[in-house]
Number of protein chains: 2
Amino acid sequence: MSSEPRLVEVRRNILKQNDVLARELRDRFHKAGVYVVSMVSSPGAGKTALLEKPLGLLRGRGLRVAALTGDLATDNDAARLARSGAPVRQITTGTLCHLEAAMVAKALEGWNLHELDFLFIENVGNLVCPSSYDLGENLRMVLMSVTEGEDKPLKYPTIFNTADDALITKSDLAAAVEFDEAAAARNIEAVRPGMEVRQVSAKTGANLDRFLDWLEGLKILV
Amino acid sequence: MSSEPRLVEVRRNILKQNDVLARELRDRFHKAGVYVVSMVSSPGAGKTALLEKPLGLLRGRGLRVAALTGDLATDNDAARLARSGAPVRQITTGTLCHLEAAMVAKALEGWNLHELDFLFIENVGNLVCPSSYDLGENLRMVLMSVTEGEDKPLKYPTIFNTADDALITKSDLAAAVEFDEAAAARNIEAVRPGMEVRQVSAKTGANLDRFLDWLEGLKILV
């Protein structure tokens, strides 16, 4: 019916190569003592907004932070994030709907990772493609905005299943869209049992400090 | 750096096969006198909500409508849409982030297309993968909710460029998210000059009748 099997075979080889590179990256990150957080979500769930304020806030806490941000086209996000004063680089993927370890390695050229506490990697907005690509990160965060519907974890199980932590964004709109928090938590639990779920609003700043405390704690635990 | 070139080659062959099948579908649709509208958008932009009421409303206007709805997992959307009384079938794509013409052909088995005025095809929620797959539709509509950010057309130019019409959804939330209508229109115009842009709210019903009038008109024009 579809030519999917052949595509799957080619993809498997690409994934193998990616895994080797991701392992190398993970090793580099570990040796440099930088904690790497990657973010995946559908387009417009608020990955950039969630980084925009926190990059500055984390710098305010004396932490050395940097970010890579992926998109098919434009360097809008890098420009937005660079306003925080943190080093930021855009990765433009062209037609590719995810980041790969090789792109991350290339984007890091010339940066001294030993001078960083946190590196954030914002993946391309997509709930399918990024799932299988290890980027050597310590933590993969899946974001889901309250406006997207509580059923997204059931519809895109793999991206939730391959994440370490879930973050519900745009909580300031929860009432307007009649967001059912319990249903969302239940659906996340169904596809990724035991995953913690946080809720924040980058716009109003609700729960943002608590979120950053938690991030700082993760780095200390390593 | 990446194994993308090899993947592109395999993908090109798949696309060629898809185009042949899509042409056959288009021919079948034309002969049967059914007008086919496909919908693409990011996850949670409101494709299903936009069909939910309209399917019933179009039936109320004496039109014979049916829908196919694509998702990686679950048949939630088909269940939601079937409440309208219209024939609805779910296409479950597994790990695949788009519909293909072959899946549409298979899902139509046993349906008499001559008995339909409109067939709606709801693609998998994704702003990248569905762009290159012709499904034989008369009209491809790209949906973008006011909550996603006005920059999405610039970031995902191909999906906007391959669409025939743009629909801004969840207009009831426009004020809450400070949606900049002019910026969104400007960005759409930049990647797809001349494309018409409509704005609706499935929730409040704002502009819904006008949208359906327009759809009805398209069918008459064929």
Side-chain angles (χ1 to χ4, degrees), chain A residues 1-4 6-11 13-15 17-18 41-46 48-49 71-74 76-77 93-98 100 102-103 105-106 124-129 131-132 144-149 151-152 154-159 170 172-173 176-178 191 203, chain B residues 1-4 6-11 13-15 17-18 41-46 48-49 71-74 76-77 93-98 100 102-103 105-106 124-129 131-132 144-149 151-152 154-159 170 172-173 176-178 191 203:
Chain A
M1 180 184 117
S2 136
S3 312
E4 180 62 357
R6 199 150 45 101
L7 193 61
V8 165
E9 192 194 320
V10 177
R11 219 174 247 155
N13 290 332
I14 293 176
L15 284 174
Q17 293 172 27
N18 186 76
S41 80
S42 78
T48 313
D71 261 314
L72 272 73
T74 86
N76 293 0
D77 289 352
T93 64
T95 57
L96 215 53
C97 48
H98 60 266
E100 295 184 2
M103 300 176 195
K106 195 171 154 59
V124 176
N126 202 298
L127 282 185
V128 182
C129 317
S131 343
S132 332
M144 170 180 146
S145 83
V146 297
T147 64
E148 288 174 53
D151 58 349
K152 290 300 161 291
L154 303 178
K155 286 184 167 187
Y156 300 88
T158 312
I159 200 104
K170 308 194 188 181
D172 53 292
L173 295 172
V177 298
E178 297 164 61
V191 295
K203 191 174 181 183
Chain B
M1 178 185 117
S2 138
S3 311
E4 180 63 355
R6 199 150 45 100
L7 194 60
V8 165
E9 192 194 320
V10 177
R11 222 174 243 155
N13 291 331
I14 292 176
L15 284 175
Q17 293 171 29
N18 186 75
S41 80
S42 78
T48 313
D71 261 314
L72 272 71
T74 86
N76 293 0
D77 289 350
T93 64
T95 57
L96 216 52
C97 48
H98 60 266
E100 295 184 3
M103 300 175 195
K106 198 175 152 54
V124 176
N126 202 297
L127 282 185
V128 184
C129 317
S131 345
S132 334
M144 170 179 146
S145 83
V146 297
T147 64
E148 287 174 54
D151 59 348
K152 290 301 162 292
L154 302 179
K155 286 184 167 187
Y156 301 89
T158 313
I159 199 105
K170 308 193 189 182
D172 53 292
L173 295 172
V177 297
E178 297 164 60
V191 295
K203 193 174 180 183

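Here is the naming used below: chain letters follow the sequence lines, and residue numbers restart at 1 for every chain.
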Colleague: Is chain A contacted by the side chain of Pro43(B), its backbone, both, or neither, given a heavy-atom distance below 4.5 Å?
Modeller: both
Colleague: Can you tell whether the side chains of Glu178(B) and Lys203(A) come within less than 4.0 Å, N to carboxylate O?
Modeller: yes
Colleague: Which bit of Thr158(B) comes within less than 4.5 Å of chain A, counting heavy atoms only: side chain, backbone, both or neither?
Modeller: neither
Colleague: Would you say that Glu100(B) contacts Ile14(B) through its side chain, given a criterion of any heavy-atom pair below 4.5 Å between the two side chains?
Modeller: yes
Colleague: Could you tell me which of Ser131(B), Ala49(B), Gly125(B) has the largest number of non-hydrogen atom pairs under 4.5 Å with chain A?
Modeller: Gly125(B)
Colleague: Check step by step if side chain to side chain contact (heavy atoms under 4.5 Å, CB included) holds for Met103(B) and Leu96(B).
Modeller: CA-CA 11 Å; Met103(B) 300 175 195; Leu96(B) 216 52; 3.3 Å; yes
Colleague: Who wins among Val177(B), Thr74(B), Thr147(B) for the most heavy-atom pairs under 4.5 Å with chain A?
Modeller: Thr147(B)
Colleague: Answer with side chain, backbone, both or neither: which region of Lys152(B) has an atom nearer than 4.5 Å to a non-hydrogen atom of chain A?
Modeller: side chain
Colleague: Where does Leu173(A) contact chain B at under 4.5 Å (heavy atoms): side chain, backbone, both or neither?
Modeller: side chain
Colleague: With side chains defined as the heavy atoms from C-beta onward, is the minimum distance between Asp77(B) and Lys155(A) less than 4.5 Å?
Modeller: yes
Colleague: Is the distance between the SG atoms of Cys129(A) and Cys129(B) less than 2.5 Å?
Modeller: no
